[in-house]
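Notes follow once the structure below has been shown.
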Amino acid sequence: MKQSVHKVEISTRGQGLYEFTSTIDEWVVRQKIQTGLLTVFCRHTSASLLIQENADPTVRRDIKAYFDHLAPEDGPYIHTAEGPDDMPAHLKTALTQVQLSIPVINGNLVLGTWQGVYLFEHRTHPHRREIVLHLIGDERGNR
Amino acid sequence: MKQSVHKVEISTRGQGLYEFTSTIDEWVVRQKIQTGLLTVFCRHTSASLLIQENADPTVRRDIKAYFDHLAPEDGPYIHTAEGPDDMPAHLKTALTQVQLSIPVINGNLVLGTWQGVYLFEHRTHPHRREIVLHLIGDERGNR
Amino acid sequence: MKQSVHKVEISTRGQGLYEFTSTIDEWVVRQKIQTGLLTVFCRHTSASLLIQENADPTVRRDIKAYFDHLAPEDGPYIHTAEGPDDMPAHLKTALTQVQLSIPVINGNLVLGTWQGVYLFEHRTHPHRREIVLHLIGDERGNR
C-alpha cells in the first residue's frame with residue numbers, strides 16, 4: 001500500500017466551470033496504483049468542485065446561470081466588504097463540493113462516461129486556485 | 001491493510017429516493033474489515049447520492065418535492081434537447097452528492113440511527129445506475 | 001500504514017455554525033501521521049458539515065440567513081410532526097455535507113488559510129451531535 005500527493009494550480013479568468021479531468025487522470029496513471037482512492041481537495045471558500053457532464057457545453061452554461069440565480073449578487077448580505085461577488089461565492093461553495101473522492105480500479109478512475117471533474121470559480125477577478133490530490137492504494141490489482 | 005471494490009447496479013423506475021443501505025452494509029460485513037473507510041461513488045450526472053432519515057417516508061416525499069421546486073422543469077435552460085427533466089437532473093446532482101465516504105469501526109459502518117444511504121434518481125424514465133463501492137482498512141481492530 | 005478513529009461530541013445551543021477545526025487539528029497532530037487522509041463524518045440528518053471562511057463572522061451570519069431563506073420553516077411540507085424546524089433541517093443537510101475528507105501532508109491538514117471546519121446545526125433546541133473522525137496514513141513522509 002502506498003500514498004502519493006500532488007498540488008495542482010488552476011488559473012481562473014472569471015466565473016465558470018474549468019475542467020481538469022485530464023490533469024487528474026494523467027497524474028493518477030503515473031502513480032501506477034492499480035486499486036485505490038483518489039481525493040481531490042479545493043483549498044478555497046469562494047471556489048469549489050463539481051463532477052458534471054462533459055459532453056454538451058450548454059449544461060455548464062445552464063449550471064452557471066442557475067447558481068447565479070440561486071445565490072444572487074444583490075441578496076440581503078451583511079458581508080459585502082469584499083465585493084458583490086464574494087458572499088454569493090461562499091454560498092455557491094457551500095451548495096457544491098470542497099472535496100471529491102473517486103475510486104481507482106485497474107489503474108483508472110471509475111468516472112462514468114459523461115463525468116468530468118470541474119473547478120467551479122465563483123469570483124469575477126482572475127485567481128490562482130490550489131487543488132490538492134491525495135492517492136492511496138496498491139500497485140497490485142484488486143481481489 | 002487491504003482493499004475491496006464492488007459494483008452495485010440499481011434499477012430505477014422514475015424520480016425519487018431509492019434506499020440501498022442494506023446492500024452496502026452486507027457487502028462491508030462480508031469483507032471482514034474491522035476498521036476502515038467505505039467510499040460510495042455514483043457514476044452518473046443525472047442521479048446522485050444522499051444520506052437521509054430512513055424512518056418516516058414523508059421526509060423523502062418532502063425532499064423530492066423540494067428539489068423539484070428548487071430546480072424546476074420549466075426553468076430558463078438552454079440545454080433542453082434531452083427532455084425537460086434532464087437539466088433539472090444535472091442541477092439536483094450538483095446540489096447533492098456524487099460520492100460519500102463512511103468510516104467503518106468494529107466491522108460496521110458508523111451510520112447514525114436514522115441515517116440511510118439513498119440513490120436519488122432525477123430522471124423520469126427507468127435507468128440502470130452504477131454505484132462503485134471501495135473499502136480500505138484492516139482486518140484487525142482499531143487502536 | 002496505520003489508522004486511527006475518534007468520536008467528537010459537540011453540544012449545540014440552537015441553529016448556526018459551530019467551528020471545531022482546532023479539535024480536529026490537534027487530534028490529527030497527536031496521531032503522528034505524516035501523510036494521510038482524514039475523514040470527518042456527521043452521524044445525523046438534521047445537522048451537517050461545512051468548510052467555510054473562518055475570518056469574518058458576518059460570512060457565517062449570511063450563510064445561516066441564506067439557508068433559512070432557501071429552506072424556510074413555512075414550506076409546504078407533509079412531514080411536520082417533529083416541529084417546524086425539522087423538515088428544513090433535513091433539506092439543509094441534503095444541500096450541504098454529511099462527510100468531508102481532508103488530505104494530511106507533513107503532519108498537517110491541507111486546509112487553506114481561510115478554511116474552517118464547521119458543524120452546521122439546523123435544529124432550534126440544544127442537541128448533542130456525534131462526529132466520527134477516521135485517519136489513515138503513514139508515519140513516514142510522502143514521496
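Lettering follows sequence order; numbering is per chain, from 1.
Only the side chain of Phe41(C) comes within less than 4.5 Å of a heavy atom in chain B; its backbone stays farther off. Contacts between Gln52(B) and chain C at a heavy-atom distance below 4.5 Å involve backbone atoms as well as side-chain atoms. Both the backbone and the side chain of Leu111(B) come within less than 4.5 Å of a heavy atom in chain C. Looking at Phe120(B), neither its backbone nor its side chain comes within 4.5 Å of chain C, counting heavy atoms on both sides. For Ala81(C), no part lies under 4.5 angstrom from a heavy atom of chain B.
The choice from Leu50(B), Ile63(B), Asp62(B) that makes the most heavy-atom pairs within less than 4.5 Å of chain C is Asp62(B). The greatest number of non-hydrogen atom pairs below 4.5 Å with chain C, out of Thr113(B), Ile102(B), Val104(B), is found for Ile102(B). Most heavy-atom pairs under 4.5 Å with chain C, from the set Ser101(B), Pro103(B), Gly137(B): that is Ser101(B). For the options Val132(C), Ile78(C), Thr39(C), Leu100(C), heavy-atom pairs under 4.5 Å to chain B are most numerous at Ile78(C).
Every residue was checked against the salt bridge (charged side-chain N to carboxylate O under 4.0 Å, His left out) condition with Asp25(C), not counting sequence neighbours, and none meets it.
Contact annotation: the side chain of Leu37(B) never approaches that of Ile136(C) to less than 4.5 Å [non-hydrogen atoms, C-beta and beyond]. Contact annotation: the side chain of His134(C) never approaches that of Val110(B) to less than 4.5 Å [non-hydrogen atoms, C-beta and beyond]. For the pair His79(C)/Arg61(B), no side-chain contact is recorded, criterion being any heavy-atom separation below 4.5 Å from C-beta on.
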**Study point:** Leu70(C) and Tyr66(B): CA distance, side-chain angles, deciding distance, side-chain contact (heavy atoms from CB on, under 4.5 Å) verdict
**Key:** CA-CA 10 Å; Leu70(C) 198 61; Tyr66(B) 176 76; 3.5 Å; yes
Practice item. Determine, stepwise, if the pair Gln115(B) / Val98(C) fulfils side-chain contact (heavy atoms from CB on, under 4.5 Å). Key: CA-CA 10 Å; Gln115(B) 285 183 317; Val98(C) 158; 3.9 Å; yes
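Considering CD of Gln97(C) and CD1 of Ile51(B), their distance stands at 11.0 Å, rounded to 0.5 Å.
Trp27(C) CH2: more than 12 foreign heavy atoms inside a 6.0 Å radius.
Annotation: residues 82-96 of chain B contacts chain C through Leu95(B), Thr96(B) [non-hydrogen atoms, separation under 4.5 Å].
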